[in-house]
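Take a look at the structure set out below.
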Amino acid sequence: MSIESLLDGLEARSKDNQKPEDYIDPEDGLLHCGVCGKPKQARVRWINGQEKTVGIVCDCYRKEQAERREREQWNRTQATIKRLHQMGVMDPRYLKNRFEIDDTPESYPGRLTRRYVDQWQEMSLKGKGLLFLGKPGTGKTFYSCCVANALIDKGIFAFVTNVTEVTRTFKGEEDRRRLLHYTSSAALMILDDLGAERSTEYAIEQLYGIVDQRYRSGKPLIVTTNLTLDQLRKAPELGRQRIYERVLEMCPFHYKFTNENRRPLSAAENKED
């Protein structure tokens, strides 16, 4: 392509982005934006001495492009978050558990789990997890899933599962590979209802394999259980002992849920934090 044809092309394209409200300024004879008033053309002198009019961008165009890039990035982020929710929180019941619907946000577990999310970078680097103990219906699963959903909303992959899913007999190797991939690759794994696993050799072996894999990954784990801390420390079976020892090591922060501790913290309790 010759210099002449290149310059002609630039000159022809100088009005490509012209809009009905744009105008030719009589002072410089150039096209100006009808909104911001800035020129959308400029005259340049080429190396051969020729002067040509070329298109340039005005402030409005820069703003439009910046907004377009922001929209595209937002759409990509939302698509990623949706995909992470589909992969990590497959049970619709877990998806509903969010801090936004917490009726006792000032309760200790509410504050604890929010603080865990706020300090996620540190918790992740140190591989520090949470162990939630207590009877059914006290909020263990709710707050665990609140953490998972809050992290996923930030684009962080959290995987929520339970011992029934982990220890079930898989129909195909593909299902098992997917589970192993998620449990090892997720930034955070939540294992719900520890202690409800079947007593079969297969179930115990499966559960130990998952927990041990997570342990070796060095990534944090949140566990919920109806067992007491004493029962976890003194499991009668060797297989469960190995599992529970791993869990206790990975989850140094323990909290026992009761129906009473769902209440908001008092002023005195707030001062203790």
Gap separating the [atom1] atom of [X] from the [atom2] atom of [Y], nearest 0.5 angstrom:
{"X": "C58", "Y": "D22", "atom1": "SG", "atom2": "CG", "answer": "7.0 Å"}
{"X": "F142", "Y": "R93", "atom1": "CZ", "atom2": "CZ", "answer": "15.0 Å"}
{"X": "R114", "Y": "F99", "atom1": "CZ", "atom2": "CZ", "answer": "5.5 Å"}
{"X": "I101", "Y": "C146", "atom1": "CD1", "atom2": "SG", "answer": "6.5 Å"}
{"X": "K40", "Y": "Y23", "atom1": "NZ", "atom2": "OH", "answer": "11.0 Å"}
{"X": "E100", "Y": "D153", "atom1": "CD", "atom2": "CG", "answer": "7.0 Å"}

Looking only at heavy atoms, which two atoms of [X] and [Y] are closest? And how far apart?
{"X": "C36", "Y": "D59", "result": "SG-N, 3.8 Å"}
{"X": "L95", "Y": "N149", "result": "O-ND2, 3.7 Å"}
{"X": "L188", "Y": "P220", "result": "CD1-O, 3.7 Å"}
{"X": "P105", "Y": "D102", "result": "CA-OD2, 3.2 Å"}
{"X": "V211", "Y": "L191", "result": "CG2-CD2, 4.2 Å"}
{"X": "L133", "Y": "T228", "result": "CD2-C, 3.7 Å"}

Walk me through whether Q65 and R62 qualify under side chain to side chain donor-acceptor pair (under 3.5 Å). CA-CA 5 Å; Q65 292 304 301; R62 291 190 184 93; over 6 Å; no
Run the ring-ring contact (aromatic ring centres under 6.0 Å, His included) test against F132 and tell me which residues pass, sequence neighbours left out.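 Here the qualifying residues are F257.
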Taking ring-ring contact (aromatic ring centres under 6.0 Å, His included) as the definition, give me every residue that meets it alongside F253, ordered by chain and number, with sequence neighbours left out.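 With neighbours one apart ignored, the set is empty.
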In the hydrophobic clustering (ILVMFWY, side-chain contacts below 4.5 Å, transitive), which residues join V35, or is it alone?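 V35 shares its hydrophobic cluster with no other residue.
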Under 4.5 Å side-chain heavy-atom separation, chaining through any Ile, Leu, Val, Met, Phe, Trp or Tyr, what else clusters with V57? Say none if it is isolated.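 Y61, all in the cluster of V57.
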For residues 221-252, which residue pairs qualify under ring-ring contact (aromatic ring centres under 6.0 Å, His included), counting only residues two or more places apart or in two chains?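 Found none.
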Is there side-chain contact between [X] and [Y], with at least one heavy-atom pair below 4.5 Å?
{"X": "T225", "Y": "V247", "result": "no"}
{"X": "P109", "Y": "T113", "result": "no"}
{"X": "Y182", "Y": "T161", "result": "no"}
{"X": "L194", "Y": "I243", "result": "yes"}
{"X": "T164", "Y": "D193", "result": "no"}
{"X": "I222", "Y": "Y116", "result": "yes"}
{"X": "L131", "Y": "L229", "result": "yes"}

What pairs with [X] under side chain to side chain donor-acceptor pair (under 3.5 Å), at least two apart in sequence or on another chain?
{"X": "T183", "answer": "Q213"}
{"X": "T224", "answer": "D192"}
{"X": "R43", "answer": "none"}

Show me the donor-acceptor pairs within less than 3.5 Å that the side chains of residues 24-34 make with the rest of the protein, sequence neighbours left out.
| unit_1 | atom_1 | unit_2 | atom_2 | d |
| --- | --- | --- | --- | --- |
| D25 | OD1 | E27 | N | 2.8 |
| D28 | OD1 | L30 | N | 2.8 |
| D28 | OD1 | H32 | NE2 | 3.4 |
| D28 | OD2 | H32 | NE2 | 2.9 |
| H32 | ND1 | G37 | O | 3.0 |

Holding to side chain to side chain contact (heavy atoms under 4.5 Å, CB included), I want the full list of residues that pass it with S217, two or more places apart in sequence or in another chain.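 Applying side chain to side chain contact (heavy atoms under 4.5 Å, CB included) to S217 gives R214, K219.
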Contacts of R233 that satisfy salt bridge (charged side-chain N to carboxylate O under 4.0 Å, His left out) - sequence neighbours left out: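 Applying salt bridge (charged side-chain N to carboxylate O under 4.0 Å, His left out) to R233 gives none.
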For E21, look at atom CD and say whether over 12 heavy atoms of other residues, nucleotides or ligands are found less than 6.0 Å away.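 More than 12 heavy atoms, drawn from other residues, nucleotides or ligands, come within 6.0 Å of this atom.
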So for atom CZ, which belongs to R216, do other residues, nucleotides or ligands contribute more than 12 heavy atoms lying within a distance under 6.0 Å?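 No - once you tally the heavy atoms of other residues, nucleotides and ligands closer than 6.0 Å, there are 12 at most.
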Linking I/L/V/M/F/W/Y whenever their side-chain heavy atoms sit closer than 4.5 Å, directly or via other members, would L130 and L125 fall into one cluster?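 No; tracing contacts between hydrophobic side chains, which count when under 4.5 Å, never links both residues.
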Taking S185 for its side chain and H181 for its backbone only, find out whether a donor-acceptor pair lies under 3.5 Å.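 At least one qualifying donor-acceptor pair exists.
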Check: E197 side chain, G195 main-chain N or O, donor-acceptor pair, under 3.5 Å: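 Checked: pair present.
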Filter on salt bridge (Lys or Arg N to Asp or Glu O under 4.0 Å), then keep only pairs touching residues 125-140, sequence neighbours left out; what's left?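 As it turns out, the salt bridge (Lys or Arg N to Asp or Glu O under 4.0 Å) pairs with a partner in residues 125-140, which skip direct neighbours, are E122-K126.
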